[in-house]
Amino acid sequence: MTEFPAAPEISAADSWEDLVPVVELAYGGYGHSAEYHASAASIFEPKRSLVARTGGRTRGTCAVYSLEMTLPGGPRAVAGLGYLTVAPEYRRRGVMRAMVLRVLHTLHDSGAEPVAALNTTEAGIYGRFGFGLASQAAKVRIPRHARELRATAGGERTVRIGGPEEHTAAIAAVHARCVGERPGMLRRDAAWAARAVLDLPDHRGASGRLLCMVAEADGEPSGYALYRLTSAWEDSVPRYEVSVRELFARDPASGAALWRALLDVDLAGSVVADRPVDDPVLALLTDPRSAAPVLRDQLHVRLVDVDRALEQRGYAAEIDVVLDVTDPLCPWNERRFRLRTGPEGGECRPTTAAADLELTARELGALHLGGTSLVQLARAGLVRELRPGAVRAAATAFRHDPAPFCPVVF
Ligand SMILES: CC(C)(COP(=O)(O)OP(=O)(O)OC[C@H]1O[C@@H](n2cnc3c(N)ncnc32)[C@H](O)[C@@H]1OP(=O)(O)O)[C@@H](O)C(=O)NCCC(=O)NCCS
């Protein structure tokens, strides 16, 4: 009979090095470079992050980051979960479950961030823990022959190209201006900013180094794109792929100028990018079908404390609604809440009043960044309407324009 190893004990990590053996094994046994580990260590928060150990050896890992994320209503503290890994011989016996529940309960007990978020290697894992799909990316592949864009008002922009190291100040200035525009975006300190331009040679594969285009208006940086080229030839015809890591612009003319420059890179056959689902370029293409956007899940969001989380965000309309919430993993959320919203935000209090909507914490997580339609969830049978009109009214209040987007994997 197989003897199972002892159940691991979960405790705070001492340092990033604690995680390394299991992280490397979990993602396929690749040894990473010293530069990779130095970057991971630079954002690592040992006191908050967890390891599961037996006999002094790490068997499971979970990094917890103190993020400042734009939500509907402005920047807010959100706990980010990353590097959730379990050693192969300890899998499917609840180690990850124990770590995730420890994080959620610790956040609740300590009154820290009321919301947790993660991006995941496999989209089917975290719904069972009450994480709802809150933002999506549209993967676009624009062929060079379809590069014609509609005219944009706002004048000409100069576009300069170089290595990202030449444009650090421009990248920081533009990002700081754009970060508040969409829910899901993360503010960056120096360590996170350095990761945005991290260009590890052992991660490049067949691609060239990271490059940067900067758009300028009146001599000031007004947009930038980080991208790289991958060489490809078809019957001696160059069909390079231009793959965009980030593109931000302070104004429409700068965004359009960057897209024009990317779509006009010599030797290129196509431009590929993960973009917000409502990216302006989709409206600018004269041949909109050519971009062939494909949706992919991005941020999965968990309301740790429903009342604090709903008071933390802003709303697009005034509502007065009673939510009957189901949340077996975080039983403090399993009750009815009265949510009243106005221009200043929301007030969310426990109530004994009759419910208007019945839903799970997972659905509230999906709604939190304003990118998921409550009407869609109700039509899917995931939200129950107990008072006629409650779905439509709440759907308007929870939605946010523009759509959420998070270009960072943490
Ligand atoms: C994903 C991983 C962390 C799961 O660890 P684990 O300890 O085996 O997970 P648990 O035993 O706690 O599983 C908890 C639940 O998640 C489910 N689950 C685990 N891995 C899953 C997967 N890859 N896909 C779908 N469901 C999964 C389990 O079936 C279990 O479901 P149940 O609660 O309904 O019974 C582990 O397989 C791993 O390290 N994978 C490689 C790295 C990775 O992809 N990490 C995710 C990064 S976000």
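Values below: all heavy atoms of this structure, side chains included; hydrogens, waters and symmetry mates excluded.
- Counting heavy atoms from C-beta on, the side chains of Leu357 and Asp324 never come closer than 4.5 Å.
- Looking only at distances, no side-chain donor or acceptor of His300 sits under 3.5 Å from a matching main-chain atom of Ala366.
- Ion pairing between a basic and an acidic side chain is recognised when a charged N comes within 4.0 Å of a carboxylate O; Lys139 and Asp297 show no such pairing.
- Taking 4.0 Å as the cut-off between side-chain N and carboxylate O, Arg182 and Asp278 count as a salt-bridged pair.
- A ring-centre distance under 6.0 Å is found for Phe248 and His175.
- Ion pairing between Arg335 and Asp327 fails under the 4.0 Å rule for side-chain N and carboxylate O.
- Counting non-hydrogen atoms of other residues, nucleotides and ligands closer than 6.0 Å to CZ of Arg91 gives a total above 12.
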Go through it in stages, so that I can follow the logic: the residues are Gln312 and His368, the test is side chain to side chain contact (heavy atoms under 4.5 Å, CB included), and I'd like the CA-CA distance, side-chain angles, deciding distance and then a yes or no. CA-CA 10 Å; Gln312 187 195 36; His368 206 61; 4.0 Å; yes

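- The closest side-chain donor-acceptor pair between Thr360 and Thr326, if any, does not fall under 3.5 angstrom.
- Within a 6.0 Å sphere centred on CZ of Arg336, heavy atoms belonging to other residues, nucleotides or ligands number more than 12.
- Side-chain atoms of Arg59 never come within 3.5 Å of backbone atoms of Val86 as a donor-acceptor pair (strictly under, hydrogens ignored).
- Contact between Ala117 and Met69 at its shortest, heavy atoms only, is CB-CE, 4.0 Å.
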List the steps, then state whether salt bridge (Lys or Arg N to Asp or Glu O under 4.0 Å) holds for Arg338 with Asp320. CA-CA 7 Å; Arg338 182 174 182 191; Asp320 186 347; 2.6 Å; yes

If you apply the rule side chain to side chain contact (heavy atoms under 4.5 Å, CB included), what do you find for Trp233 with Tyr240, and how did you get there? CA-CA 7 Å; Trp233 295 83; Tyr240 281 37; 3.8 Å; yes

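- Side-chain contact between Leu133 and Gln136 is present, with heavy atoms from C-beta onward closer than 4.5 Å.
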Between Ile125 and Met96, is a side chain to side chain contact (heavy atoms under 4.5 Å, CB included) present by the stated rule, with each step listed? CA-CA 10 Å; Ile125 303 180; Met96 172 186 67; 3.5 Å; yes

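- Here the straight-line distance linking atom OG of Ser33 with atom NE2 of His203 works out to 6.5 Å at 0.5 Å rounding.
- Inter-residue side-chain proximity for Leu359 and Leu377 is flagged as unmet; no heavy-atom pair is nearer than 4.5 Å.
- Between atom CG of residue Asn119 and atom CZ of residue Phe131 there is a gap of 11.0 Å, rounded to the nearest 0.5 Å.
- Using a distance-only test at 3.5 Å, with no hydrogens or angles considered, a donor-acceptor pair links the side chain of Asp199 to the main chain of Leu210.
- Taking each heavy atom of Cys212 and Ile171 in turn, the nearest pair found is SG-CD1, 4.0 Å.
- Nearest heavy atoms, Ala26 versus Thr85: CB-CB, 3.4 Å.
- Proximity of Leu299 to Phe405: side-chain heavy atoms (C-beta onward) are nowhere separated by under 4.5 Å.
- Side-chain contact of Arg157 with Ser254: a donor-acceptor pair under 3.5 Å is present, judged by distance alone.
- In this structure the side chain of Val383 never reaches within 4.5 angstrom of the side chain of Glu358, judged on heavy atoms.
- Comment: Asp18 engages Arg53 in a salt bridge, judged by a side-chain N to carboxylate O separation of less than 4.0 angstrom.
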Go through the steps to decide whether Arg349 and Glu311 satisfy the test salt bridge (Lys or Arg N to Asp or Glu O under 4.0 Å), and finish with yes or no. CA-CA 9 Å; Arg349 298 286 144 87; Glu311 289 191 348; 3.4 Å; yes

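- A donor-acceptor contact shorter than 3.5 Å links the side chain of Ser373 to the backbone of Val375.
- Residues in residues 359-380 take part in no salt bridge (charged side-chain N to carboxylate O under 4.0 Å, His left out) pair, two or more places apart or across chains.
- Here the closest non-hydrogen pair linking Arg195 and Ala40 is NH1-N, 3.5 Å.
- Taking the charged nitrogens against the carboxylate oxygens, Arg141 and Glu241 do have a contact shorter than 4.0 Å, which makes a salt bridge.
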Could you please spell out the steps behind the side chain to side chain contact (heavy atoms under 4.5 Å, CB included) verdict for Glu166 and Ile161? CA-CA 9 Å; Glu166 297 165 50; Ile161 298 177; over 6 Å; no

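- In this structure, the side chain of Thr152 does not engage the main chain of Pro252 through any donor-acceptor pair within 3.5 Å.
- Between Met185 and Pro407 the shortest side-chain heavy-atom distance falls below 4.5 Å.
- Residues Arg76 and Thr70 have side chains that never bring a donor and an acceptor to within less than 3.5 angstrom of each other.
- Ring geometry for His37 against His32 counts as perpendicular: the plane angle is over 60°, on a 0 to 90° scale with 30° as the lower cut.
- Rounded to the nearest 0.5 Å, atoms OG (Ser42) and CH2 (Trp192) are 8.5 Å apart.
- Salt-bridge formation is detected for the pair Asp274/Arg296: a Lys NZ or Arg NE/NH1/NH2 atom is positioned less than 4.0 Å from an Asp or Glu carboxylate oxygen.
- For Arg313 and Tyr315, the positive end sits near the middle of the six-membered ring, less than 6.0 Å away and at most 45° from its axis.
- Thr341 places a side-chain N or O within 3.5 Å of a backbone atom of Ala317 that can act as its donor or acceptor partner.
- Interatomic distance, CD of Glu318 versus OG1 of Thr396, reported as 12.5 Å (0.5 Å rounding).
- Side chain of Ser110 to backbone of Thr106: a donor-acceptor contact under 3.5 angstrom is found.
- Ser222 and Glu216 are not linked by any side-chain donor-acceptor pair at a separation below 3.5 angstrom, with hydrogens and angles left out of the test.
- In this structure, Glu113 pairs ionically with Arg48, as a charged nitrogen and a carboxylate oxygen lie closer than 4.0 Å.
- Side chain of Ser39 to main chain of Glu35: no donor-acceptor pair is present (N/O by atom type, distance under 3.5 Å, no hydrogens or angles).
- Side-chain contact, Tyr65 with Ser49: no donor N or O sits under 3.5 Å from an acceptor N or O.
- Glu246 and Tyr227 share no donor-acceptor pair across their side chains, judged by distance under 3.5 Å alone.
- With no hydrogens or angles considered, no side-chain donor-acceptor pair links Arg239 and Ser270 at under 3.5 Å.
- Atom CG of Leu323 and atom CG of Asn333 lie 11.5 Å apart (nearest 0.5 Å).
- Residues Val281 and Asp279 share a closest heavy-atom pair of N-OD1, 2.8 Å.
- Rounded to the nearest 0.5 angstrom, Phe129 CZ and Leu118 CG are separated by 10.0 Å.
- Remark: the backbone N or O of Cys406 is paired with a side-chain donor or acceptor of Gln298 at under 3.5 angstrom.
- Of all heavy-atom pairs between Gly223 and Val174, the closest is N-CG2, 3.7 Å.
- Heavy atoms from other residues, nucleotides or ligands lying under 6.0 Å from CD of Glu148 number 12 at most.
- Remark: the backbone N or O of Ser66 is paired with a side-chain donor or acceptor of Glu45 at under 3.5 angstrom.
- You'll find the side chain of Pro183 reaches within 4.5 Å of the side chain of Pro72, heavy atoms only.
- Residues Leu367 and Leu374 have side chains in contact (heavy-atom distance under 4.5 Å, counting atoms from C-beta outward).
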